[in-house]
Amino acid sequence: MKVVRKQDTRIPRRPLLWLAAALLFTLPPMFGTLPSWVPLLFLIALAAKFWMEPKGYRLRSLVWKLVLVALILSLLFFSYGSIRGMEPGVSLIVMLTSVKILEAHTAREFHIMIMVAWILCLCGFFLSQNLAIALCLLIAFTLLLVALIQFHRGPLSAFWSPVRTAGKLLAQAAPLIILLFLFFPRLSTGFRFQIAPQREASTGFSDRLSPGSVSFLANSSEVAFRAEFPDGKIPPLSAMYWRGLVMWHGEGLEWAAPNAPAALPRTSQGTPHGQAIRQWITIEAHDARWMFALDRPVNSPSGATLAPGNYLWSNQPIHKPRRYEVISYPEIPNNRLHSREREPLLEVPTAISPAVRALAQSWSAEKAEPRAIVNKALEFFRTQGFHYSLSPGEYGKNDLDEFLFHRRLGFCEHYAASFATLMRLAGIPARVVTGYLGGEYNEIGHFFLVRQADAHAWCEVWFPDSGWQRIDPTAAVAPDRVNLGFNSFLERRGAAAGHLDNTQSVLARELARWPAFDRARLGWQTLSYAWDTRVLSFDGDEQESFFASIGIPSHRQIFLIVGTVVIAIALLLALYAAWTHLRTRPCGDRLKIMYESFCRKAARLGAPRNPSEGPFDFSRRATRLLPDESDRIRRIAKAYIALRYAPAPDPTTLEQFAEEVNGFVRAS
Amino acid sequence: MRQGGSSKSGFPLTSTRSFAGLLFVLAAIWYAASSQNNAASYLLLFALMGVFLVSIPRTLLNLGGLQATAESIKPAFAGQEISLPVEVTNESRATRYGIALTLPDLGDARKRIDEIPPGKAARTVLRFPAATRGEHEIGRLHLSSVYPLGFLRVLKQLPSPQRYVVYPKPAGDQRLPAETVRSGQRSSQRELGEGDDFAGVRAYVRGESQRHIDWKAVARGQALMTKQFTAESDGLLYLDLAAMRFGDLEARLSQLTLWVIEAERARRPYGLRLPAIEIPPSLGEPHFHHCLRTLALFQ
């Protein structure tokens, strides 16, 4: 057998450029999520390719390839300690792609590179799914299409026209993509593989409140969640306490929430008072299980429980953005507190210094009424020279004395923790609540955006007559923090102090004064919110409720849906094909089209017309070949010649001609 | 990227090798997206599917309105290359991209036309080896295209009735026969035709070389006349198959071919004598090709 050598065609330069551009756009999700040497080596490989290609160099030797792969594996093992898991896996794919880039040379390998780039887009979505990343990957996707189109057009075509074609292709595919997105069955496959994200629940919130844990977040502009008030009932900013966790266990300045709270029994809930406020909350992935709701939620959304202390606790870690509806009431009076419940609420660590004990007891000795004690304590914070500060310095968990009597400088966590401890010492049941306070209203999208910087901690104390009551000691120290929201508070204070933090914030602030920029920022937030709520949160459950909303009640009808969608897509494609055909079909007059159809029919009967044959010569030959049809052929030829060449053809001849052509095969 | 098999089925779309790659990528994305319930990955999956689906009608219609005509083919000797000039006309109203021309019956000859604007034509030459002597048919001419994404190939089969002649391969180690056959019938040893000495004029016959038209006479307003020359010749050279005593038929035909070439080059009038065919001695291009064609078609 003859061995056919594969054509070793080199990749033309321009498709390679488009491919490289696409690969660049798959990089952003890797920065910040993978060790930085991974995307850097990828970039170096890409640059090296462009240096090697004109010189004809390429990675050929198998030994070198194996050495590189071994090197990569050991590097990955060194930096992760294991090759298993998502990040190491993605890093491995990225690094192997780098090697492939150095090796790729032929047209076939170009196609393989395109496939690999698609897989890299997938990896990008595994690392991050926010709107900015999605747009980057959309650009990468489009550039891959451009690279393919350019490759198949050849090197001669104009530079921008493949881009236009790719754009058209995407635009035409858009209805199909939407159809598929809505109707493609999201099977919950049994063969779920667990790529446990290695991310620690580091983004912001924590189930421990320790000195510095909230102020640490104060500079983080990362989004925690977004909230909408579908009924239009919006509480004032100063009452917008987003409840996250309730911490029962206190050790001076450090408080902790239970690891796995039990569900709150229905009966122990009080009767809510005041106005019900419905919220739609879209929470960002944080890989832990806390959820947020306006103080205080009364129902638990599906997949979550209402924990003792009236806070939401997800049944599963939140690995992707999630949207839920929750109803809150500003007050839930509940004045039943058993003595066995009361006891742990008065627990204080043994290491409390006598001075602190003396302070608390001085209040309780003076007044026996709990409210009076609380006011006394707030008075203490207000008048004794306490300051609200982002950088209060280091405190240990037993530095209550240091905070209360010496430094008197703290952030909300210091005030909440110390206040709750003091209340317990004074004999009032108290707990710490962490969550967020306020948020930024987006007037374009009509939602509140709550950032990590809005994190807050406050206290709740128990009064025998009205139950748990929110007390925010921070409000006593820095009322503006509560009234204005955190960013405005900082701004005002910065302006008063006459200093700005750094040059970047100067730029940011200058830009923020420019209204168009502000609108653009709000617009982007709105888009990003829509992306999270409309796209990212659309999973199997959402799809089912979507089906229910359009009248398909159960997923047993999945085949019906699939069938309908397939038919719809086929119809769309057929329409598109017909439209394209009509738009591009050969232009020509009716006469020519009819004559050509006659020639086609004749060819089918065994008398093909030679390209050089005129109508007369052809008819003579055809009458010989098809004697049965000779009369008709002669008439057709005569009519055609008359119509084509006569100075003023009779219009009725054209109709006769059409009839003859139509009857040509039918008669035979 | 060759067309696998020549399916006579009516559907003109076939998948390419990268289609398998696409399926693999789609499966991988689907698996990853469904196991993680990752809506963004699903979106990527659907984007890829959607773009692929939309590319189907694009590919399917990319050959619409394209006509290919093979032009006349110059004969070649066996072992040489045949050049087939093809003109592809785009009668549609859209630019057509990435058109490949192949001859499925004649090996892996392949030419690519990158782009044909609407109403324009592109010319290219397909080359393929001339294998055996004789008259052959082009058979089919395939137009195919994988544009725009390369996952599917659309195919248009054009029956190509063109025929081409392959002369025998010139080969052999025998010298050109020196002996001449005297023609008893002929009164003159001089052979009219090409030569150095002017012998007169006669009426021009269509198809003759224009080199010998008496252009001066034309300028004077006379009809086309051909100048005739005679060559000094010892006699007439007949190349006779029957007189050859070596080799098989093909080897002898090859030898005859070589002799024809040598005789033509040496400007020695030669004739050809095959069983049942005799070509009287002459010189010149029409004669040369007539002889070679006879040798090519000899059964």
Side-chain angles (χ1 to χ4, degrees), chain A residues 4 7 107-108 111-112 114-115 118-119 121-122 125-126 129 134 137 141 145 148-149 151-157 165 169-170 172-174 176-177 180-181 184 186-189 191-193 195 320 535-540 569 573-574 576-577 580-581 583-588 608 610-611, chain B residues 1-2 16-18 21-22 24-25 28-29 31-58 60-61 64-65 67 69 90-95 97-98 108 110 112-115 118-119 145-151 159 161:
Chain A
V4 182
Q7 269 187 314
R108 193 173 141 260
H111 283 91
I112 293 175
I114 298 267
M115 307 286 165
W118 271 322
I119 296 291
C121 288
L122 176 72
F125 275 138
F126 269 66
Q129 301 178 25
L137 293 177
F141 183 86
L145 291 183
L148 269 180
I149 292 169
F151 183 85
H152 291 296
R153 276 197 180 184
L156 290 176
S157 74
T165 309
L169 213 57
L170 258 185
Q172 284 156 351
L176 297 185
I177 296 172
L180 286 167
F181 189 77
F184 189 91
R186 306 291 180 86
L187 299 176
S188 303
T189 42
F191 45 85
R192 218 151 259 248
F193 66 102
I195 7 176
K320 61 190 182 83
V535 180
L536 289 189
S537 66
F538 193 84
D539 54 9
I569 287 175
L573 286 181
Y576 170 60
T580 313
H581 176 68
R583 215 166 38 95
T584 62
R585 72 178 164 181
C587 44
N610 292 337
Chain B
M1 302 280 272
R2 269 192 55 206
T16 63
R17 203 199 307 242
S18 45
L22 175 75
F24 173 76
V25 168
I29 298 178
Y31 178 71
S34 69
S35 64
Q36 292 294 296
N37 218 342
N38 183 320
S41 307
Y42 266 120
L43 203 60
L44 180 69
L45 172 71
F46 301 144
L48 206 48
M49 278 165 79
V51 165
F52 167 69
L53 287 172
V54 168
S55 81
I56 296 174
R58 283 218 168 209
L60 195 60
L61 295 171
Q67 291 299 333
T69 13
N90 178 6
E91 292 172 0
S92 75
R93 280 177 281 171
T95 309
Y97 298 99
D108 48 6
R110 182 186 179 81
R112 233 186 90 101
I113 298 172
D114 285 337
E115 187 172 335
S145 160
V146 297
Y147 183 80
L149 298 184
F151 299 125

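Only a predicted model underlies this, so the values are computations on that prediction, with no experimental measurement involved. In what follows, every chain begins at residue 1, and chains take the letters A, B, ... in the order their sequences are listed.
Per-residue counts of heavy-atom pairs under 4.5 Å with chain B were compared for A:L536, A:L170, A:L573, A:V535; the largest is that of A:L573. Chain A forms more heavy-atom pairs under 4.5 Å with one residue of B:S145, B:A28, B:P57 than with any other, namely B:P57. Comparing B:L48, B:L22, B:L43 by how many heavy-atom pairs each has under 4.5 Å with chain A, the most go to B:L48.
Within the 4.5 angstrom heavy-atom criterion, atoms from both the backbone and the side chain of B:L149 approach chain A. In this structure, the portion of A:F141 lying under 4.5 Å from any heavy atom of chain B is its side chain and not its backbone. The parts of B:S41 that come within reach of chain A are both its backbone and its side chain, each placing non-hydrogen atoms under 4.5 angstrom from that chain. Both the backbone and the side chain of A:L180 come within less than 4.5 Å of a heavy atom of chain B. Proximity to chain B (any heavy atom under 4.5 Å) is shown, for A:I114, by neither the backbone nor the side chain.
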In sequence, state the C-alpha distance, the side-chain angles, and the governing distance for B:M49 and A:L176, and then conclude on side chain to side chain contact (heavy atoms under 4.5 Å, CB included). CA-CA 8 Å; B:M49 278 165 79; A:L176 297 185; over 6 Å; no

Steps toward side chain to side chain contact (heavy atoms under 4.5 Å, CB included) verdict (A:H111, B:T16): CA-CA 11 Å; A:H111 283 91; B:T16 63; over 6 Å; no

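Nearest heavy-atom pair across A:A173 and B:V54 is CA-CG2, 3.5 Å. For the pair B:A39 and A:F181, the tightest heavy-atom approach, listed with the atom from each and the gap, is O-CE1, 3.9 Å. In terms of heavy atoms, A:L169 sits closest to B:V51 at CD2-CG1, 3.9 Å. For the residue pair B:D114 and A:R153, the shortest heavy atom distance occurs at CB-O, 3.2 Å.
The OG atom of B:S55 sits 9.5 Å away from atom CG of A:L148, with the distance rounded to the nearest 0.5 Å. To the nearest 0.5 Å, the span separating CG on B:L61 from OH on A:Y576 amounts to 8.0 Å. Note that CG of B:L53 is 12.5 Å distant from CD of A:Q172, once rounded to the nearest 0.5 Å. Here the straight-line distance linking atom CZ of B:F24 with atom CD1 of A:I119 works out to 6.0 Å at 0.5 Å rounding.
Side-chain atoms of B:L44 and A:L137, non-hydrogen and from C-beta on, never get closer than 4.5 Å to each other.
Taking the six-membered ring where tryptophan is involved, the planes of A:W118 and B:F151 are tilted, since the angle between them lies from 30° to 60°.
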